[in-house]
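Computed over heavy atoms, backbone and side chain alike; hydrogens, waters and symmetry mates excluded.
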Amino acid sequence: MHPLLEKAQQLKQQLNWSLIFGVSFFLVVIFSLVQVTSGVRQWLVENKDAQIKHLAVLGEPKYTDETAIIKAIKQADLSSFFDLDVTHVQNLVQDLPWVATASVRKQWPDTLQVYVVEHKAVAIWNSDLLLNQSGEVFQASSEGLIEQLPQLYGPEGSEIEAWTAFKQFNDMLSLNNLQLTSLALSERFSWQLWLENGIKLNLGRKEKAKRVQRFIDVYPRMEKRADAQVDVVDLRYDTGLAVSWKLLEEAQLQNKSKA
């Protein structure tokens with residue numbers, strides 16, 4: 001046989017074997033995928049009735065009882081591990097008064113884990129609501145709070161502005177041994193402050209921080225009056241201020257002289 005024909009014949013045989021091997025490998029892959037799919041389908045059928053049997057509440061909630069969290073979770077349909085809507089469970093838990101966020105995770109074969117983060121209350125808003133550290137309002141009972149919170153008042157929607165101003169003013173005053181306990185923002189955005197020692201500051205609507213600093217600068221001289229103490233300081237002036245005094249009783253005079 002001619003060498004070229006012999007070489008062509010060998011190449012043809014090699015191509016035939018490569019084709020046979022490729023087709024065989026493809027069929028094996030297809031068969032394997034069918035087997036795996038069939039196995040998964042069978043496994044799902046066998047476990048379609050798997051239920052949530054264990055609830056794990058994680059995190060460190062202080063004001064939300066674990067039984068209340070579990071009760072909220074059980075409002076969801078826990079009869080199917082696969083069909084359970086974790087977003088629905090998350091919303092149910094986050095509807096609890098003190099809960100800020102909740103993350104929900106299913107753990108095979110029968111456990112639901114719920115991680116709870118509570119609001120950190122920093123102030124009481126308009127007497128019956130609470131503010132968290134982001135200045136967001138939430139409704140929950142203030143009973144059982146460990147520390148006494150400042151009272152803030154203002155129009156709806158002004159919560160963040162009021163809390164930001166409170167922090168700024170309190171930082172300024174605390175550097176001078178004065179403590180801010182309450183703040184009010186009127187409908188016309190006029191500011192009033194109350195200090196722990198009973199003094200009320202009227203700041204008006206503009207240059208608020210500058211007027212607080214003006215009070216701080218002058219206050220040491222106000223303290224020197226022996227027969228009265230400062231009641232109200234009106235700082236709604238471009239310069240200067242007006243002071244209202246309240247006279248002290250005999251016992252108060254003695255205490256002030258001792259101080």
Side-chain angles (χ1 to χ4, degrees), residues 47 50-175 177-185 193-196:
N47 293 277
Q51 298 180 354
I52 299 293
K53 297 179 181 179
H54 302 285
L55 300 176
V57 177
L58 308 176
E60 299 180 353
K62 293 182 180 179
Y63 304 106
T64 307
D65 191 79
E66 185 172 321
T67 57
I69 297 174
I70 293 175
K71 183 178 179 181
I73 295 171
K74 288 185 175 180
Q75 294 179 47
D77 183 3
L78 305 179
S79 62
S80 173
F81 182 90
F82 296 103
D83 293 337
L84 176 63
D85 185 351
V86 294
T87 301
H88 179 51
V89 176
Q90 179 182 15
N91 292 334
L92 289 171
V93 177
Q94 288 182 170
D95 284 342
L96 294 172
W98 275 97
V99 176
T101 61
S103 58
V104 181
R105 185 169 71 92
K106 292 186 283 188
Q107 184 176 4
W108 180 256
D110 57 5
T111 300
L112 188 68
Q113 294 182 339
V114 181
Y115 189 87
V116 175
V117 177
E118 288 186 319
H119 291 285
K120 177 177 173 54
V122 295
I124 297 175
W125 178 252
N126 288 337
S127 299
D128 59 352
L129 299 173
L130 295 170
L131 290 183
N132 63 22
Q133 64 269 39
S134 300
E136 299 169 337
V137 65
F138 66 100
Q139 188 164 16
S141 174
S142 59
E143 294 182 6
L145 288 172
I146 299 173
E147 56 183 330
Q148 186 173 0
L149 299 178
Q151 298 272 352
L152 307 186
Y153 303 87
E156 183 178 355
S158 65
E159 299 89 354
I160 294 178
E161 183 179 3
W163 173 238
T164 301
F166 179 90
K167 290 188 292 182
Q168 179 188 11
F169 299 151
N170 194 47
D171 288 344
M172 296 173 64
L173 292 161
S174 61
L175 288 174
N177 299 316
L178 295 166
Q179 186 69 37
L180 181 60
T181 60
S182 187
L183 172 151
L185 177 60
L193 310 180
W194 286 264
L195 309 186
E196 188 177 37

Any side-chain heavy-atom pair of Val104 and Leu112 under 4.5 Å: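 When only atoms from C-beta onward are counted, Leu112 and Val104 do touch, with a gap below 4.5 Å.
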Is the shortest side-chain heavy-atom distance between Asn170 and Gln179 below 4.5 Å?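 With C-beta onward as the side chain, the pair touches.
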Distance-only donor-acceptor pairs under 3.5 Å for side chains of residues 124-132, two or more places apart:
unit_1: Asn126; atom_1: OD1; unit_2: Gly154; atom_2: N; d: 3.0
unit_1: Asn126; atom_1: ND2; unit_2: Gly154; atom_2: O; d: 3.0
unit_1: Asn132; atom_1: OD1; unit_2: Ser134; atom_2: N; d: 3.0
unit_1: Asn132; atom_1: OD1; unit_2: Gly135; atom_2: N; d: 3.2
unit_1: Asn132; atom_1: OD1; unit_2: Glu136; atom_2: N; d: 2.9
unit_1: Asn132; atom_1: ND2; unit_2: His119; atom_2: ND1; d: 3.2
unit_1: Asn132; atom_1: ND2; unit_2: Glu136; atom_2: OE1; d: 3.1

Between [atom1] on residue [X] and [atom2] on residue [Y], distance to nearest 0.5 Å:
X      : Y      : atom1 : atom2 : result
Gln90  : Asp95  : CD    : CG    : 10.5 Å
Gln133 : Lys120 : CD    : NZ    : 7.0 Å
Lys71  : Asp65  : NZ    : CG    : 11.0 Å
Glu161 : Phe166 : CD    : CZ    : 15.0 Å
Leu55  : Asp110 : CG    : CG    : 10.0 Å

Of all the heavy-atom pairs spanning [X] and [Y], show the shortest one and how long it is.
X      : Y      : answer
Phe169 : Leu183 : CD1-CD1, 4.0 Å
Ala102 : Val93  : CB-CG1, 3.7 Å
Ala121 : Phe138 : CB-CZ, 4.1 Å
Leu185 : Ser158 : CD2-CB, 3.9 Å

Partners meeting side-chain contact (heavy atoms from CB on, under 4.5 Å) with Thr64 (sequence neighbours left out):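 In terms of side-chain contact (heavy atoms from CB on, under 4.5 Å), with neighbours along the sequence ignored, Thr64 is linked to Pro61, Ile69, Leu96, Trp98, Val99, Glu118.
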Partner residues of Thr101 under the side-chain contact (heavy atoms from CB on, under 4.5 Å) criterion, sequence neighbours left out: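 If we apply the side-chain contact (heavy atoms from CB on, under 4.5 Å) test to Thr101, skipping adjacent residues, the hits are Gln94, Val117.
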Take Leu180 and Met172 through the side chain to side chain contact (heavy atoms under 4.5 Å, CB included) test and state the conclusion after the steps. CA-CA 10 Å; Leu180 181 60; Met172 296 173 64; over 6 Å; no
For Leu78 and Leu84, run side chain to side chain contact (heavy atoms under 4.5 Å, CB included): C-alpha distance rounded to whole Å, both residues' side-chain angles, the deciding distance at 0.1 Å, then the answer. CA-CA 6 Å; Leu78 305 179; Leu84 176 63; 3.8 Å; yes
Expected output: side-chain Lys106 to main-chain Val86 donor-acceptor under 3.5 Å: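 Looks like no, no N/O pair under 3.5 Å.
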